[in-house]
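Let me begin by presenting the structure, written as structure tokens, before commenting on it.
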Amino acid sequence: MERIDSLLPEARRITGGSSGSRGGRDAGVLRLDDRVCPHCGRELQAEYVEFPPALARKYGKNGEWDYLPCTPECEKKNEQREWELSRREARVASLKERSGLSKRMKGYTLASFKPYVDRSAARAVERVEAYLKDWEEMREAGRGLFFCGGVGTGKTHLAVAVMNELIHRRRVPALFVTVPELLDNIRETYNVPGRNLDDWMEAVKNADLLVLDDLGAEKPSDWVQERMFVIVNHRYREALPTIFTSNIGPEELPRQLGERTASRVIAMCEGIKLDGRDYRETARNEGA
């Protein structure tokens, strides 16, 4: 049961006539104004429980207040709810561990993004929020986002914030991969005997949501264009949402990726441009 030591100043005492004392404290039952059964909505009551001497010495107090159980039916349903919540938290933790995100990126959220640094950043947040609101529709249609802009404008932060939001709220299996890392891993399969990336590549191609960071960072070549086409074309055909970040705009994609890949990226994504000042430097200078 939940401990309520810190809530006692906010509680009001229900005396109901007379009240005794227990260990020098009033034994009257407390009814907590802001605590109710999450199932039936009934106000929960609290009772002071004394510790045996050994526990009293260990914790440095004579006892503490505990919520009294609700009806057995509610307790059973509340236990089921707590179990489902614990399963959800475990699922979210598992998804984040397999997401490919760094420790820093796991903390990227919309709340931690600073839209005041530039008008384009504020507009980008609005469009991201609309995308999240319509996620089920976007998911069904295989629609993603294409963030473009200069270095430090907040592209990766926003892309990862979308990913974290969908992991936490919708438990969407998502994967973050930088394009240079992706291509380096593919190259190693040719250079390192026994290196097998089949499972990882299947995860990249089939993730419910994929964030491909730094698209267009590699020097254009037939090999790069072909590798990117295989991934983008698969996700386009299977209507799997993909979020891209890139330092180049849509008009430069054909030269960098080839016409086939560029046309699919443009068709499957909504473009969001970020420009202006360096987001990281501005936020740092303003104490964010």
Side-chain angles (χ1 to χ4, degrees), residues 82 84-118 121-122 124-136 138-139 143-185 197 199-215 217 231 235 240-247 269-270 272 274 278-288:
E82 289 179 4
E84 289 172 354
L85 286 173
S86 67
R87 280 191 63 195
R88 179 189 183 281
E89 290 171 358
R91 174 69 170 154
V92 168
S94 175
L95 288 173
K96 294 198 83 168
E97 282 304 309
R98 294 184 281 114
S99 65
L101 294 174
S102 66
K103 181 178 180 180
R104 182 185 297 275
M105 287 180 177
K106 289 177 183 177
Y108 284 1
T109 64
L110 287 179
S112 63
F113 187 76
K114 308 301 180 185
Y116 58 76
V117 299
D118 186 82
V125 170
E126 291 177 358
R127 296 173 74 178
V128 163
E129 289 174 341
Y131 180 82
L132 290 170
K133 180 182 177 183
D134 297 333
W135 165 247
E136 292 303 331
M138 298 295 102
R139 183 180 200 169
R143 297 288 295 168
L145 298 170
F146 181 83
F147 293 97
C148 63
V151 175
T153 51
K155 305 181 301 295
T156 298
H157 188 129
L158 279 177
V160 173
V162 172
M163 180 176 168
N164 280 330
E165 183 78 7
L166 291 173
I167 288 175
H168 277 283
R169 295 190 178 274
R170 307 294 184 97
R171 299 188 293 285
V172 175
L175 184 63
F176 175 92
V177 181
T178 66
V179 172
E181 171 196 9
L182 171 69
L183 297 174
D184 283 348
N185 282 334
L197 290 176
D199 290 344
W200 186 71
M201 284 301 298
E202 282 302 306
V204 171
K205 291 168 64 176
N206 293 299
D208 286 27
L209 174 69
L210 176 68
V211 175
L212 277 179
D213 190 48
D214 223 1
L215 185 69
I231 295 168
R235 297 188 63 81
L240 293 168
T242 309
I243 296 176
F244 301 90
T245 75
S246 180
N247 289 345
C269 292
E270 175 187 352
I272 300 178
L274 292 116
D278 186 309
Y279 170 83
R280 285 188 290 262
E281 182 179 348
T282 304
R284 183 172 58 250
N285 290 342
E286 297 187 17

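Just so it is clear, the structure is predicted and the values come from calculations on it, not from any experiment.
Considering CD1 of Ile167 and CG of Leu101, their distance stands at 6.0 Å, rounded to 0.5 Å. To the nearest 0.5 Å, atoms CZ (Phe176) and CE (Met105) are separated by 3.5 Å. The distance from atom CG of Leu240 to atom CG of Leu210, rounded to the nearest 0.5 Å, is 9.0 Å. Atom CG in Leu145 sits 8.5 Å away from atom CG in Leu132 (nearest 0.5 Å).
The minimum heavy-atom distance between Pro241 and Trp135, with the atom names listed, is CG-CH2, 3.9 Å. When every heavy atom of Ala217 is checked against every heavy atom of Pro180, the shortest pair comes out as CB-CG, 4.1 Å. Of all heavy-atom pairs spanning Met201 and Leu182, the tightest one is SD-CD1, 3.9 Å. Across every non-hydrogen atom of Lys114 and Ala111, the tightest pair is NZ-O, 4.5 Å.
Between Phe244 and Phe146, the ring planes are tilted. Angles from 30° to 60° get that label.
Partners of Glu270 according to the salt bridge (Lys or Arg N to Asp or Glu O under 4.0 Å) rule, which considers only residues two or more places apart in sequence or in another chain, are Arg127. Here Asp208 pairs with Arg139 under the salt bridge (Lys or Arg N to Asp or Glu O under 4.0 Å) rule; sequence neighbours left out. The side chain to side chain contact (heavy atoms under 4.5 Å, CB included) test applied to Ala124 returns Leu158, Ile272, Leu274, not counting sequence neighbours.
For the pair His157 (side chain) and Thr109 (backbone), a donor-acceptor distance under 3.5 Å is present. Using modelled atom types, no side-chain atom of Thr245 and backbone atom of Ile243 make a donor-acceptor pair closer than 3.5 Å. Judged purely by atom type and a 3.5 angstrom limit, Tyr131 has no side-chain atom pairing as donor or acceptor with the backbone of Met138. Between the Lys106 side chain and the Asn164 main chain, no donor and acceptor come within less than 3.5 Å of each other.
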Review point. Should Asp213 and Thr156 be marked as a side chain to side chain donor-acceptor pair (under 3.5 Å) after you check the CA-CA gap, both sets of side-chain angles, and the distance that decides it?
Key: CA-CA 7 Å; Asp213 190 48; Thr156 298; 2.7 Å; yes
